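All values reported here derive from a predicted model rather than from experimental measurement. Every heavy atom of this structure was used, including side-chain atoms; hydrogens, water molecules and symmetry mates were not.
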Amino acid sequence: MTTENVPSTNDLEKELLGFLEGHTGKPWEPDTDLFRAGGLSSLFAMQLVVHLEKSYGIAIRGADMRLDNFRTVRQMAELVVRLRQPAAGGVDG
């Protein structure tokens, strides 16, 4: 997938909301704290990481594995958009 093919943040949120609803059986709002609301267990959070990596061609590593990046659908969509941006300075950085 190229950067040009990455869905907008709004489209990412819709896809992630559908994914979550399909796996939890209930609808979610983009700003709901999924951990606090009981929507995510640590095991399901790892499934979600794999889904994001495979669906959007990103690698979530190191500091990006912070819980705060996965609390809400909006934060996950923003993470995907950020990770799809070209690195500052390009390849030769």
Side-chain angles (χ1 to χ4, degrees):
M1 176 184 292
T2 64
T3 304
E4 294 81 30
N5 294 334
V6 175
S8 69
T9 303
N10 190 41
D11 290 340
L12 284 164
E13 288 176 8
K14 288 179 185 177
E15 188 278 327
L16 290 169
L17 289 168
F19 178 82
L20 286 170
E21 185 172 348
H23 282 78
T24 64
K26 63 189 234 180
W28 298 95
E29 293 296 322
D31 287 323
T32 299
D33 185 325
L34 299 167
F35 289 96
R36 190 167 289 157
L40 290 183
S41 65
S42 57
L43 180 59
F44 184 61
M46 290 311 299
Q47 290 176 306
L48 191 52
V49 168
V50 170
H51 172 74
L52 293 173
E53 289 181 328
K54 287 184 177 186
S55 295
Y56 301 108
I58 60 174
I60 303 172
R61 304 282 183 265
D64 292 321
M65 289 294 284
R66 294 183 1 242
L67 185 65
D68 285 340
N69 283 331
F70 301 93
R71 281 200 182 281
T72 70
V73 166
R74 183 151 294 140
Q75 288 168 311
M76 286 184 266
E78 290 170 357
L79 174 66
V80 170
V81 169
R82 183 172 52 80
L83 292 177
R84 294 294 301 162
Q85 298 295 321
V91 175
D92 297 329

Just so I know, are the side chains of [X] and [Y] near enough to count as touching, which here means a heavy-atom distance under 4.5 Å?
X: Gln85; Y: Val81; result: yes
X: Leu83; Y: Tyr56; result: no
X: Leu34; Y: Met76; result: yes
X: Pro27; Y: Leu17; result: no
X: Leu20; Y: Leu40; result: yes
X: Phe70; Y: Val49; result: yes

Exercise for the section: Kindly say whether Arg71 contributes a backbone atom to a donor-acceptor pair with the side chain of Arg36 at under 3.5 angstrom? Expected result: no

Problem - Side-chain donor/acceptor of Glu13 to backbone N/O of Ala77, under 3.5 Å - result: no

Please find the pair of heavy atoms, one from [X] and one from [Y], that lie closest to each other, and give the distance.
X: Asn69; Y: Asp64; result: ND2-O, 2.9 Å
X: Phe35; Y: Ser41; result: CE2-O, 4.4 Å
X: Ile58; Y: Leu52; result: CG1-O, 3.7 Å

Fill in the blank from the handout: Residues passing the salt bridge (charged side-chain N to carboxylate O under 4.0 Å, His left out) test with Glu53, sequence neighbours excluded, are Arg61

Handout entry: Residue pair Glu29 / Thr32, side-chain donor-acceptor N/O under 3.5 Å
Key = no

With rounding to the nearest 0.5 Å, note down the distance linking [atom1] in [X] to [atom2] in [Y].
X: Asn10; Y: Glu15; atom1: CG; atom2: CD; result: 12.5 Å
X: Leu79; Y: Thr72; atom1: CG; atom2: OG1; result: 10.5 Å
X: Asp11; Y: Leu16; atom1: CG; atom2: CG; result: 11.0 Å

Exercise for the section: May I ask you to decide if the ring planes of His51 and Phe19 are parallel, tilted or perpendicular, using 30° and 60° as cut-offs? Expected result: parallel

